[in-house]
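No hydrogens, no waters, no symmetry mates; every other heavy atom, side chains included, goes into these values. A, B, ... follow the sequence lines: proteins, then strands. Residue 1 opens every chain. If you're wondering where the values come from, they're calculated on a predicted model, not measured in any experiment.
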2 protein chains.
Amino acid sequence: MNVQFKKMKPIKSYQHVVDEIQTAICEGNLKEGETLPSEMKLKEMFDTSRGTIREALRVLEQKGLVSVRTGVNGGARIQGANAKPMTDSVAILIRQQKVSLHHLAEFRKMMEGHISEQAAKKADKKDVQRLMDILRDAAAHIQTKPSGWTEFHKMDAEFHLTLAMIAENPLLEANLTAIHDNIQIYFHQYLPWSEALLHDNFKDLCGIAAAVEQRDPGTARRIAEEHVAKFNALMEKNIE
Amino acid sequence: MNVQFKKMKPIKSYQHVVDEIQTAICEGNLKEGETLPSEMKLKEMFDTSRGTIREALRVLEQKGLVSVRTGVNGGARIQGANAKPMTDSVAILIRQQKVSLHHLAEFRKMMEGHISEQAAKKADKKDVQRLMDILRDAAAHIQTKPSGWTEFHKMDAEFHLTLAMIAENPLLEANLTAIHDNIQIYFHQYLPWSEALLHDNFKDLCGIAAAVEQRDPGTARRIAEEHVAKFNALMEKNIE
DNA sequence: TACGATCAAACTGTAGGACAGTTTAATGAT
DNA sequence: ATCATTAAACTGTCCTACAGTTTGATCGTA
């Protein structure tokens with residue numbers, strides 16, 4: 001005997017359904033927005049039971065590949081790439097107290113620094129314009145004498161996500177989204193509201209945008225890192 | 001009317017089951033290694049149908065929280081924290097061709113650089129010893145005149161993961177694992193085998209370990225970044 | 001014709017029952 | 001004692017039935 005035979009591992013049939021559909025999505029044979037056939041039809045196509053189909057759909061749903069709706073013309077719609085599974089698994093690590101705000105912030109600092117640096121290297125005029133548009137909206141919002149973070153944080157997140165898109169790496173986008181989605185709660189809970197802080201925050205964003213515009217990767221990284229570190233320090237102080 | 005009522009969103013019953021069990025796991029009421037009651041018992045405990053329970057189990061399985069086995073004393077065992085969902089979602093991004101080797105390598109470079117730097121800041125004697133032990137094994141393996149990467153890559157991965165553990169941030173660990181698991185295929189496919197390259201690789205690891213031992217974060221980061229960049233450049237050349 | 005209300009059809013959501021397949025532990029034979 | 005056999009406790013799969021949800025079609029009325 002010179003060969004090692006692989007152990008006969010009976011693939012569970014719902015897994016087979018998952019694999020087929022996932023492959024079809026990844027190969028592009030099923031495109032975003034399309035809807036899969038109904039459970040009844042899938043059951044016949046795969047020659048299996050409805051229960052099996054439904055288990056497969058739950059898995060695909062959890063992977064963020066489809067979303068299922070009830071009613072006529074309902075069914076499983078193919079979803080575009082999204083960061084949901086990543087957000088989920090980070091959320092679990094937090095709930096298990098394996099990951100603290102400190103961990104989140106360290107990771108975020110690394111990412112925002114890197115992203116800003118890359119953005120400063122790669123941005124073209126259109127990209128800079130997009131950043132400026134967001135800043136203009138943010139400035140307008142500040143004029144309205146707001147009394148809480150909520151609105152500003154939306155634009156803040158959009159700004160950082162746009163930077164990630166300029167940096168042209170979907171992995172950075174997905175991870176940044178996951179981090180932002182999960183750090184939100186800490187913002188709401190531990191970041192005290194003050195107009196001075198709002199202006200400070202806004203000034204940091206302007207600084208990053210300016211560094212990107214001037215193609216100055218080093219400065220972009222430095223401001224971004226300091227920005228994250230500063231606000232995190234504030235929150236950590238308030239946790240005690 | 002001064003308040004906005006939330007839309008009555010009928011929670012699906014399998015989702016309710018998922019939430020309850022997930023919470024119990026995160027709160028520590030269900031610990032790693034324990035097994036959930038059988039599907040029959042769960043069905044009665046939640047006063048629902050077996051199909052519903054099974055759909056919930058598929059979701060929990062996909063989240064990496066439980067793994068299900070057949071047979072007597074089988075059932076859903078609680079899993080410790082693991083990077084499976086992250087590995088999965090990165091794999092999907094790759095299969096959808098949203099993420100290329102270039103993206104993976106850029107991300108990895110950022111992480112390995114940061115990890116090595118942090119490890120050099122935080123390592124104690126025991127940590128350094130663990131790194132040295134791995135290097136000793138690797139050196140022994142090189143003595144055997146190997147003819148492929150497979151064995152070495154295992155130790156390489158272990159070395160980098162140990163660094164991440166020394167850096168004391170589970171987010172870094174999880175992401176690094178996800179990246180490693182997914183970049184493997186490229187190694188096998190595009191990294192040519194040569195003894196010179198093996199020695200080169202090994203030397204880099206020694207360099208990182210030495211920098212960590214000497215508490216030299218800057219050097220540790222530099223070597224790690226160059227290490228990743230070098231081997232990636234090799235692979236990218238072979239892809240064309 | 002236009003515009004609502006009503007209804008039917010096409011779906012998913014849930015429940016219950018049945019039996020096959022798999023693994024372990026108890027039982028029994030040598 | 002040791003090994004094979006069997007029974008029990010599970011998950012895996014299939015079936016049927018009906019409730020709940022959404023939308024497009026139909027019909028009535030101005």
Side-chain angles (χ1 to χ4, degrees), chain A residues 5-22 24-25 30 32-79 84, chain B residues 5-22 24-25 30 32-79 84:
Chain A
F5 291 122
K6 276 181 203 161
K7 214 183 229 173
M8 170 73 156
K9 182 173 63 176
I11 296 179
K12 287 170 218 159
S13 63
Y14 71 83
Q15 189 59 52
H16 174 252
V17 175
V18 169
D19 289 345
E20 290 275 320
I21 295 179
Q22 176 168 321
I25 294 174
L30 286 171
E32 182 175 349
E34 277 186 81
T35 63
L36 259 48
S38 70
E39 292 176 357
M40 275 308 190
K41 278 176 191 161
L42 285 172
K43 158 194 147 131
E44 277 159 27
M45 290 167 73
F46 285 104
D47 189 28
T48 180
S49 73
R50 206 180 144 210
T52 298
I53 296 292
R54 284 183 63 81
E55 289 185 35
L57 288 177
R58 291 293 87 75
V59 173
L60 291 166
E61 206 170 43
Q62 194 53 39
K63 286 190 174 197
L65 291 172
V66 308
S67 80
V68 178
R69 302 189 339 182
T70 60
V72 57
N73 285 8
R77 273 187 173 63
I78 312 283
Q79 297 273 288
K84 186 187 156 273
Chain B
F5 291 122
K6 277 180 201 161
K7 216 182 229 172
M8 170 73 157
K9 180 174 63 177
I11 297 179
K12 286 170 220 162
S13 62
Y14 71 83
Q15 188 60 52
H16 175 253
V17 175
V18 169
D19 289 345
E20 289 276 319
I21 295 178
Q22 176 168 322
I25 293 174
L30 286 171
E32 182 176 348
E34 276 187 84
T35 62
L36 259 47
S38 69
E39 292 176 357
M40 275 307 190
K41 279 177 190 161
L42 286 171
K43 156 194 149 133
E44 276 158 29
M45 290 166 72
F46 285 104
D47 189 28
T48 179
S49 71
R50 208 182 141 209
T52 298
I53 296 292
R54 285 182 62 81
E55 290 185 34
L57 288 177
R58 292 293 86 75
V59 173
L60 291 167
E61 206 170 42
Q62 194 53 39
K63 286 190 175 198
L65 290 172
V66 308
S67 79
V68 178
R69 301 189 337 181
T70 60
V72 57
N73 285 8
R77 272 185 174 61
I78 313 286
Q79 296 274 287
K84 185 185 155 273

Nearest heavy-atom approach of A:Ser13 to A:Thr48 is OG-OG1, 4.5 Å

Closest non-hydrogen contact found for B:Lys12 with A:Val68 is NZ-O, 4.3 Å

From the list A:Glu55, A:Glu61, A:Gln15, A:Gln62, side-chain hydrogen bond (donor to acceptor under 3.5 Å, both in side chains) with B:Arg58 holds only for A:Glu55

Closest non-hydrogen atoms of A:Gln79 and A:Gly64, given as atom of the first, atom of the second and distance, are CB-O, 3.4 Å

Testing D:dA17, D:dC15, D:dT11 for proximity to the side chain of A:Arg50, the answer is D:dA17

task: Classify the nucleic acid contact of A:Ser49 as base, sugar-phosphate or nothing, counting any heavy atom under 4.0 Å across all strands shown.
output: base

Taken to the nearest whole Å, NZ/B:Lys41 to P/D:dA9 is 9 Å

In whole angstroms, the gap separating P of D:dT13 from CG of A:Asp47 amounts to 13 Å

B:Glu61 atom CD is separated from D:dG12 atom C1', nearest whole Å, by 12 Å

So CD of B:Glu20 and CG of B:Leu30: to nearest 0.5 Å the spacing works out to 11.0 Å

### Query
So what does A:Arg69 hit on the nucleic acid, given a heavy-atom distance under 4.0 Å: a base, only sugar-phosphate, or nothing?
sugar-phosphate

Closest non-hydrogen atoms of B:Met45 and B:Pro37, given as atom of the first, atom of the second and distance, are SD-CG, 3.8 Å

Atom CD of B:Glu39 and atom P of D:dT13 are separated, to the nearest Å, by 11 Å

B:Ile53 CD1 to D:dG12 P, in whole Å, measures 14 Å

Per nearest nucleotide of DNA chain D, the residue lying toward the 5' end, A:Met40 or A:Gly71, is A:Met40

Taken to the nearest whole Å, NZ/A:Lys12 to C1'/D:dT13 is 13 Å

Between CD of A:Glu55 and P of D:dC14 the distance, given in whole Å, is 10 Å

Whole-Å distance, A:Ile11 CD1 to D:dT13 C1', equals 16 Å

*Describe the nucleic acid contact of A:Gly51 in one word from base, sugar-phosphate, nothing, applying a heavy-atom distance below 4.0 Å.*
nothing

Heavy-atom nearest pair, A:Ala76 first then A:Leu57, reads CB-CD2, 4.0 Å

When A:Tyr14 and A:Thr70 are each assigned the nearest nucleotide of DNA chain D, the 5'-most assignment goes to A:Tyr14

Under a 4.0 Å heavy-atom criterion, DNA chain C is touched by chain A from C:dA10 to C:dT14

ask   = Has A:Thr52 got a side-chain N or O lying under 4.0 Å from the OP1 or OP2 atom of D:dG12?
value = no

